2 protein chains.
Amino acid sequence: MRARFTLADIQQHALAIVDRDGLAGLTMRSLAASLQTGPMTLYNYVDSREALEELVVDAVSALVEMPEPTDDWVADTRAVATALWRTFRAHPAAIPLVLTRRTSSRASLAPAEALAAALARGGLDGVDLFVAFRTVSAFVMGIAQAELAGRLSREEDAGSAAQRVAALAPDALPTLSKLAPVGAAFTGQEFERGLTVVLNGLVHTPRPFDSSDQASGLS
Amino acid sequence: MRARFTLADIQQHALAIVDRDGLAGLTMRSLAASLQTGPMTLYNYVDSREALEELVVDAVSALVEMPEPTDDWVADTRAVATALWRTFRAHPAAIPLVLTRRTSSRASLAPAEALAAALARGGLDGVDLFVAFRTVSAFVMGIAQAELAGRLSREEDAGSAAQRVAALAPDALPTLSKLAPVGAAFTGQEFERGLTVVLNGLVHTPRPFDSSDQASGLS
DNA sequence: ACCTGAACACCGTTCAAGT
DNA sequence: ACCTGAACACCGTTCAAGT
């Protein structure tokens, strides 16, 4: 019998389930039901649940709309990071998978290549390029998890973090107590502004990068 | 009958299981066996598996060795971030929980307060303080996941990422192909150097932070 | 009140049998 | 070769019964 499904079918249905029901909603059984077949049929296409999750990561990665390079490497770096951010925002429940599951597919490495290429156009290479790549990646992944995945999966409103902090002794957490209402009111621009900070760091860190070249707080 | 266990007992055993057997090794049943009791006994101390995982996050957070404040806010910010990094490095299997599970315990908010306080000592407040806090947090969390959790849970050696990339068409991934061997050879200093980039960004971004104040790539 | 065994409704996956 | 039902070894948790 010929193959009933394509890998793309499976990816599409799996991502749809994650988007609709969350990560816990995706099981071999629920995916099989979505494809109108039995659970064991999936094992003709996928080795394991782990492999299925990597397929979801590939599907999400393929949705990143890569920008065209320009002559401004900082703007290009920002554009790639923003493209990743937009994709994560559209599929927040999949973020933990993207952070956790390692893939080597073309789809998942294409955004990484675009990011590395933009940084290389800024004259970074060798260890400096590696550090810059890891730093921008870590920022994008970390803020996506904190800002997008946390909130949605837990059905938190914007003010709940503030309430949680307020419930504790404010004397022991004076700075967080002041910060919490700001965070509740100010949503959706952390990414852009935080990315500006990271990019300014890339521009203003002497090369080669070296942690002994620490900027003084008095400058 | 009096309580046989304390919450600290449960936290200690749970974290020990995660450290030894990984996240998948921690189940209500394995934890109960470790405590020499039945699975249902745990429900006298913990509402659910989710709550148990939050307890593990608290246990990890409590291990962060908070530095004393000095008169240098940049050094203090670095010290708090580094303390977090050291704790994550000692318990890499727990990192996905720390990234994913939200807690409001004193233990887990203490490092956050220390970080926010260090940034506030640098003159940051309001939205700028919030952005700076999120940015440093995102960098620490993101790089911990990428550098520590990924490698250990998958038993990857340092060169496997390079091999994966090399296995693909290098023509399509020219920058990553050059970058992969660098990453394989250069391990363990991404955090320090990346953190320097982020801190330099904080120092060199005009206040109030605004993404229109983007540094030019020509500076 | 605190404890806990039996049982239920799941889950991923092995195995063996179908076509 | 590709498909797939039955069954196995798990899992978190409800329920009810113990002390």
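Residue numbers start from 1 in every chain, and the chains themselves are labelled A, B, ... in the order their sequence lines are given, proteins ahead of strands. Values in this document were obtained by computation on a predicted structure and should not be read as measured data.
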Position toward the 5' end of DNA chain D (nearest nucleotide), Arg29(A) or Asn44(A): Asn44(A)
Value in whole Å for how far the C1' atom of dC3(C) lies from CG of Leu35(B): 14 Å
Thr37(B) side-chain N/O to dC3(C) phosphate OP1/OP2 under 4.0 Å: no
Distance, rounded to the nearest Å, where Met28(A) contributes CE and dT14(C) contributes C1': 13 Å
Distance, rounded to the nearest Å, where Arg49(B) contributes CZ and dC11(D) contributes P: 10 Å
Glu53(A) CD - dC11(C) P separation (whole Å): 14 Å
Phosphate-side-chain proximity, Tyr43(A) and dT4(D), N/O vs OP1/OP2 below 4.0 Å: no
Length of the line joining Leu52(A):CG and dG12(C):C1', which is rounded to integer Å: 11 Å
Thr41(B) side-chain N/O to dC3(C) phosphate OP1/OP2 under 4.0 Å: no
Polar contact flag, side-chain donor to acceptor under 3.5 angstrom, Arg193(A)-Thr135(B): no
Residue closer to the 5' end of DNA chain D, Leu42(A) versus Pro39(B) (nearest nucleotide): Leu42(A)
Given dT14(C), dT14(D), dC3(D), the nucleotide with the shortest approach to the side chain of Met40(B): dT14(D)
Backbone N/O of Leu99(A) and side chain of Gln145(B): donor-acceptor pair under 3.5 Å: yes
Any donor-acceptor N/O pair, Asp9(B) side chain to Thr6(B) backbone, under 3.5 Å: yes
Side-chain N or O of Arg4(B) closer than 4.0 Å to phosphate OP1/OP2 of dT4(C): yes
dC10(D) phosphate, OP1 or OP2, under 4.0 Å from Thr27(B) side-chain N/O: no
Test item: Glu54(B) side-chain N/O and Thr103(B) main-chain N/O as donor-acceptor pair under 3.5 Å: no
Over all atoms of both residues, closest heavy-atom pair of Phe88(A) and Leu148(A): C-CD1, 3.8 Å
Side chains of Thr41(A) and Phe5(A) in contact at under 4.5 Å (non-hydrogen atoms): yes
Polar contact flag, side-chain donor to acceptor under 3.5 angstrom, Arg102(A)-Ser108(A): no
Between dC2(C) (P) and Asp47(B) (CG): distance, integer Å: 14 Å
Integer-rounded Å distance: dT13(C) P and Tyr45(A) OH: 18 Å
DNA chain D base-pair string [pairs: Watson-Crick or G-U under 3.5 Å; |: paired with another strand]: ||.|||||...|||||.||
